[in-house]
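Take a look at the structure below.
The basis for the numbers below is simple: all heavy atoms, side chains too, and nothing from hydrogens, waters or symmetry mates.
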Amino acid sequence: MRNWTKILIVMMAACMLAGCGGEATPDRNTVSVQKDGTIQQTIVDQFEPEYYDIEELRAMTQAKIAQLGGAEAAVICDSMVAEEGRIVVKMTYQTDTDYSSFNNREIFSGTVSEAAAQGYTFQNLVGTDGTAVGEEVVSSAGEDRVIFIQTKAGEELDVSVYGKIVYASANMALSGQKNAAIAAGEEDVLSCVVFR
């Protein structure tokens with residue numbers, strides 16, 4: 001009977017450590033659009049404890065959040081963990097404006113119609129089969145959801161959405177129905193994912 005108790009304790013501990021039933025921690029920087037309109041960001045970077053102190057990083061992050069002002073929960077640092085030579089920071093932003101203010105990156109999250117009204121265009125998009133898609137085709141799907149997101153030169157980024165991707169910028173590689181990856185480029189780029 002004692003062996004079963006030990007096995008059960010080990011299994012429960014393994015579930016808690018692995019986030020049983022939850023999503024695995026991404027290996028790369030990731031931005032995820034949630035159905036409730038919030039944006040979740042996972043930042044993955046190298047961490048060398050001899051050069052950085054995680055408590056100082058936490059304090060710097062909280063100070064930057066406080067500088068932005070606005071609603072109390074507009075930007076939340078959900079977790080910051082340093083392990084195995086890397087640091088993983090998980091952030092939640094209530095709106096795309098909050099994400100943009102904190103990261104100094106252009107972003108838009110909303111419907112295709114809302115994006116068009118704000119001056120965004122749907123050029124250089126492809127379907128999930130890699131076939132080029134005309135701007136008029138995308139524009140006609142007014143209630144489909146869209147995210148435009150900027151990456152800086154040399155920056156890689158994975159984008160995850162809650163619906164099925166139907167179109168994406170030609171510079172993005174699709175990995176599954178809800179995920180796309182932006183490769184590091186030589187200059188800043190604004191990429192687009194349309195989903196429903």
Side-chain angles (χ1 to χ4, degrees), residues 9-109 147-162 168-169 171-176 178-191 193:
I9 291 170
V10 169
M11 286 175 62
M12 287 172 59
C15 277
M16 285 189 283
L17 289 172
C20 205
E23 296 179 12
T25 300
D27 293 327
R28 298 184 349 151
N29 291 343
T30 303
V31 168
S32 180
V33 180
Q34 304 299 304
K35 201 167 192 173
D36 65 0
T38 60
I39 295 172
Q40 294 180 349
Q41 177 186 32
T42 302
I43 304 162
V44 182
D45 206 347
Q46 290 182 331
F47 182 75
E48 299 175 14
E50 60 270 22
Y51 297 111
Y52 301 103
D53 180 274
I54 192 162
E55 293 308 320
E56 285 180 25
L57 290 173
R58 278 195 183 102
M60 287 169 51
T61 302
Q62 291 304 328
K64 186 172 181 181
I65 290 170
Q67 279 180 344
L68 293 175
E72 186 176 323
V75 180
I76 300 168
C77 180
D78 298 307
S79 66
M80 185 180 292
V81 179
E83 59 186 8
E84 299 175 6
R86 70 178 193 163
I87 188 165
V88 179
V89 181
K90 295 189 177 184
M91 306 285 294
T92 299
Y93 306 90
Q94 293 305 307
T95 68
D96 50 4
T97 303
D98 299 322
Y99 175 94
S100 183
S101 299
F102 190 85
N103 291 285
N104 196 27
R105 302 281 191 280
E106 183 178 353
I107 188 172
F108 172 86
S109 177
I147 179 171
F148 282 90
I149 190 161
Q150 179 189 30
T151 48
K152 298 290 185 180
E155 183 180 4
E156 296 180 334
L157 182 69
D158 289 348
V159 178
S160 175
V161 296
Y162 61 84
S169 293
N171 68 313
M172 302 181 82
L174 300 182
S175 55
K178 298 181 178 186
N179 302 291
I182 305 169
E186 295 181 1
E187 55 189 31
D188 296 2
V189 64
L190 186 65
S191 302
V193 174

OG-CG distance between S160 and N179, expressed to the nearest 0.5 angstrom: 4.5 Å
Check against side-chain contact (heavy atoms from CB on, under 4.5 Å), Q41 and N103: CA-CA 10 Å; Q41 177 186 32; N103 291 285; 3.3 Å; yes
Least distance between heavy atoms, K152 atom then E155 atom: N-OE1, 2.7 Å
Closest non-hydrogen atom pair, I39 against D96: CD1-CA, 3.6 Å
Distance in Å, T30 OG1 paired with K90 NZ, rounded so as to fall on 0.5 Å steps: 9.5 Å
Set of residues satisfying ring-ring contact (aromatic ring centres under 6.0 Å, His included) with respect to Y99, sequence neighbours excluded: Y93
From CG (D158) to CE (M172), nearest 0.5 Å: 8.5 Å
Residues which pass side chain to side chain contact (heavy atoms under 4.5 Å, CB included) with T97, listed by chain and number, not counting sequence neighbours: T95, S101
Distance-minimising heavy-atom pair for M91 and I65: CE-CD1, 4.2 Å
Rounded distance [0.5 Å steps], CG in L190 versus CD1 in I107: 10.0 Å
Contact summary for C77 and V89, nearest pair of heavy atoms: SG-CG1, 4.1 Å
Over all atoms of both residues, closest heavy-atom pair of Y162 and V33: CD2-O, 3.4 Å
Residues forming a ring-ring contact (aromatic ring centres under 6.0 Å, His included) with F148, sequence neighbours excluded: Y120, F122
Greater than 12 external heavy atoms within 6.0 Å of Q46's CD: no
From R105 atom CZ to S100 atom OG, the distance as rounded to the nearest 0.5 Å: 9.5 Å
Closest heavy-atom pair and its distance - N29, V44: OD1-N, 2.7 Å
Side chain to side chain contact (heavy atoms under 4.5 Å, CB included) partners of E55, counting only residues at least two apart: D53, R58
Test item: F102 and T61 side chains (from C-beta on) under 4.5 Å apart, heavy atoms: yes
D45: side chain to side chain contact (heavy atoms under 4.5 Å, CB included) partners, not counting sequence neighbours: I87
Throw together a table of side-chain donor-acceptor distances under 3.5 angstrom for residues 180-189, partners on residues two or more places apart or in other chains.
| unit_1 | atom_1 | unit_2 | atom_2 | d |
| --- | --- | --- | --- | --- |
| D188 | OD1 | A153 | N | 3.0 |

Distance-only polar pair, side chains of T42 and Q40, donor-acceptor under 3.5 Å: no
Interatomic distance, S109 atom OG to I149 atom CD1 [nearest 0.5 angstrom]: 9.5 Å
